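Each remark here refers to the structure printed beneath this line.
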There are 2 protein chains.
Amino acid sequence: MTPTTARRSPGRPRAGVNQAVYAATLRTVHDVGYARATVERIAAAAGIAKTTVYRRWPTKGALIVDCLLDAFGPAPLGATDPGTATGTAGGNTESGTDLGSAERGALIESGIRWIAGRIGQPGVGDAFAGVFSDAVSDPALRELLASRFQDPYRQALQEALGEPEQRVLFLIDTVVGTLLHRLGMTGEPMSDTDVDALVAMVRRFFAAPE
Amino acid sequence: MTPTTARRSPGRPRAGVNQAVYAATLRTVHDVGYARATVERIAAAAGIAKTTVYRRWPTKGALIVDCLLDAFGPAPLGATDPGTATGTAGGNTESGTDLGSAERGALIESGIRWIAGRIGQPGVGDAFAGVFSDAVSDPALRELLASRFQDPYRQALQEALGEPEQRVLFLIDTVVGTLLHRLGMTGEPMSDTDVDALVAMVRRFFAAPE
DNA sequence: CGAGTTTCGATACCTAAGGTAGCGCAACTC
DNA sequence: GAGTTGCGCTACCTTAGGTATCGAAACTCG
């Protein structure tokens with residue numbers, strides 16, 4: 001991230017507090033819930049001023065999206081890096097290697113368990129459900145969430161599975177929707193037993209032997 | 001609803017505007033989105049004062065929940081009426097008739113198509129996603145939504161399918177979560193093709209021949 | 001008809017939260 | 001040292017949920 005070759009521009013450099021802000025965001029969301037995790041509280045938890053937050057992120061939603069990107073990191077598929085995806089540049093649906101049923105199933109299973117694990121981390125699930133909720137009635141945030149958060153993973157999945165976009169989107173709806181609905185209705189992440197059931201159901205549908 | 005036998009209590013009777021308020025709520029949500037569908041706007045659309053709304057519903061969330069109950073109505077299973085459920089009185093898991101695999105599948109399929117159809121109605125899906133979103137960081141609203149909205153349908157499903165509570169809750173997470181995630185991410189209800197896929201996936205898991 | 005009761009509409013108000021503007025100061029490059 | 005950029009701070013605007021109050025309307029009962 002630190003530009004080694006480019007010369008630094010004049011003026012006071014930005015304090016390296018992004019990671020502190022992300023950590024403060026998750027901590028605050030975990031402590032007081034998404035709605036009460038105001039930008040002012042998050043800034044206070046990070047030890048900076050509220051205006052500094054708004055100098056770096058245009059809206060609260062953008063902050064949460066970046067925080068989630070940082071918390072999730074790249075998908076464990078070895079394909080695309082979510083941080084550097086170009087967005088609408090998709091085109092290479094041909095993934096070279098055709099996977100067998102068992103391999104596809106294993107890939108899907110590891111992906112589900114990966115997402116379930118992240119959502120179960122303190123603050124992450126709440127933040128995820130929170131932005132998603134806000135996005136429902138905020139088209140700009142919805143666009144941001146779809147392009148910056150969902151698309152990279154969707155693209156990586158498409159390439160890894162060799163499935164068309166529509167089908168991968170349905171897969172994401174199924175897995176993420178189920179996990180978020182459970183979290184939203186109960187306030188608790190899904191139990192291991194039910195994650196097992198989700199894995200079984202999705203595997204049977206997306207990686208059936210025939 | 002109109003008390004025919006009981007004597008009317010003294011004082012000015014309440015104006016029969018509940019249905020008008022529900023209609024105004026869905027219309028307003030559909031027109032301007034959930035977040036901008038303020039109580040003031042809804043009241044104006046219904047032709048009444050904001051204070052009158054708050055005299056009947058303690059919070060905006062309670063209004064939306066009642067509006068959704070009115071829009072969904074009883075489940076098409078012929079079991080429990082969602083309006084008169086007692087809540088934590090459950091106990092009779094024995095449903096008398098044991099359904100075969102095909103019957104269970106048909107029941108699940110009709111249920112999924114029923115929910116998908118309701119969520120597709122203008123305003124209903126947005127209102128549903130909206131309260132759900134608010135409920136994520138509002139425990140009181142979450143409790144209200146779970147007890148008054150989800151529980152009756154859950155109970156009816158338990159009795160109709162003869163399945164344990166945990167499994168029915170997982171079924172609901174799957175179906176409702178998927179539909180809401182699609183609506184939230186795209187702003188549009190799920191296409192018929194994808195609803196077909198959802199039906200196939202859930203049927204295969206919950207009503208497999210063996 | 002009149003007394004008591006309850007609801008309605010209207011206005012004003014409180015609070016929380018997202019977001020912006022401007023100021024003085026700090027930190028850096030040239 | 002001059003210019004430039006970031007920071008903290010304070011003050012402020014707007015929207016929205018929700019409450020308090022008051023006079024007028026609509027009803028029951030005697």
Side-chain angles (χ1 to χ4, degrees), chain A residues 2-3 5-18 20-21 24-25 28-29 32-65 67 127 130-131 133-141 144, chain B residues 2-3 5-18 20-21 24-25 28-29 32-65 67 127 130-131 133-141 144:
Chain A
T2 51
T5 62
R7 280 263 278 295
R8 191 194 258 157
S9 51
R12 175 174 177 169
R14 289 195 156 181
V17 290
N18 280 26
V21 174
T25 301
T28 307
V29 167
V32 303
Y34 182 80
R36 298 189 53 201
T38 69
V39 174
E40 203 147 21
R41 257 186 269 262
I42 291 171
I48 64 175
K50 172 188 174 186
T51 47
T52 301
V53 173
Y54 277 107
R55 254 176 227 119
R56 301 181 181 213
W57 294 276
T59 63
K60 178 183 177 181
L63 164 63
I64 305 287
V65 168
C67 179
V131 261
S133 302
D134 284 354
V136 169
S137 51
D138 182 345
L141 179 56
L144 187 74
Chain B
T2 50
T5 62
R7 278 263 279 296
R8 191 194 256 156
S9 50
R12 175 173 176 170
R14 290 195 154 181
V17 290
N18 279 26
V21 174
T25 300
T28 307
V29 168
V32 303
Y34 183 79
R36 298 188 54 202
T38 67
V39 174
E40 205 147 19
R41 258 186 268 262
I42 291 171
I48 63 175
K50 172 187 174 187
T51 46
T52 300
V53 173
Y54 277 108
R55 247 175 238 122
R56 301 182 181 211
W57 295 277
T59 64
K60 178 183 177 181
L63 164 63
I64 305 288
V65 168
C67 180
V131 260
S133 303
D134 284 353
V136 169
S137 52
D138 182 345
L141 179 56
L144 188 74

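Here is the naming used below: chain letters follow the sequence lines, and residue numbers restart at 1 for every chain. Since the structure is predicted, the reported quantities are computational estimates derived from the model, not experimental observations.
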For [X] and [N], give me the distance from atom [atom1] to atom [atom2], rounded to whole Å.
X: D134(B); N: dG18(D); atom1: CG; atom2: C1'; value: 15 Å
X: R14(B); N: dT7(C); atom1: CZ; atom2: C1'; value: 8 Å
X: W57(B); N: dC8(C); atom1: CH2; atom2: C1'; value: 14 Å
X: Y54(A); N: dC13(D); atom1: OH; atom2: P; value: 18 Å
X: R36(B); N: dT14(D); atom1: CZ; atom2: P; value: 16 Å
X: K50(A); N: dG22(C); atom1: NZ; atom2: C1'; value: 15 Å
X: I48(B); N: dT7(C); atom1: CD1; atom2: P; value: 14 Å
X: R56(B); N: dT6(C); atom1: CZ; atom2: C1'; value: 12 Å

Worksheet item: Mapping P10(B) and V17(A) to their closest nucleotides on DNA chain D, which lands nearer the 5' end?
Response: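 Result of the comparison: V17(A).
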
Practice prompt. Starting from the 5' end of DNA chain D, give me the residue, K60(B) or R12(B), whose nearest nucleotide shows up first.
Written response: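 Result: K60(B).
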
Distance (rounded to the nearest 0.5 Å) between [X] [atom1] and [Y] [atom2]:
X: T59(B); Y: L141(B); atom1: OG1; atom2: CG; result: 6.5 Å
X: R56(A); Y: R14(A); atom1: CZ; atom2: CZ; result: 5.0 Å
X: Y34(A); Y: T25(A); atom1: OH; atom2: OG1; result: 10.0 Å

Discussion item. Regarding T38(B), tell me which of base, sugar-phosphate or nothing describes its non-hydrogen contacts under 4.0 Å with the strands shown.
Written reply: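 Contact class for T38(B): sugar-phosphate only.
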
Practice prompt. Measure the shortest side-chain to side-chain distance between R55(A) and T52(A) over non-hydrogen atoms and say whether it is less than 4.5 angstrom.
Written response: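 Answer yes - side chains close enough.
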
Quick check on [N]: is either OP1 or OP2 less than 4.0 Å from any side-chain nitrogen or oxygen of [X]?
X: R41(A); N: dA17(C); result: yes
X: R55(A); N: dT20(C); result: no
X: T52(A); N: dG8(D); result: yes

Worksheet item: Which residue, E40(B) or P13(B), contacts DNA chain C at a nucleotide closer to its 5' end, judged by nearest heavy atom?
Response: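 Checking each residue's closest nucleotide, the 5'-ward one belongs to P13(B).
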
Worksheet item: With respect to W57(B), which candidate in V65(B), I64(B), V39(B), N18(B) satisfies the side chain to side chain contact (heavy atoms under 4.5 Å, CB included) definition?
Response: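 Passing option: N18(B).
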
Worksheet item: Can you find a donor-acceptor pair, distance only, under 3.5 Å between S9(A) side chain and dC28(C) base?
Response: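 No, no donor-acceptor pair under 3.5 Å.
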
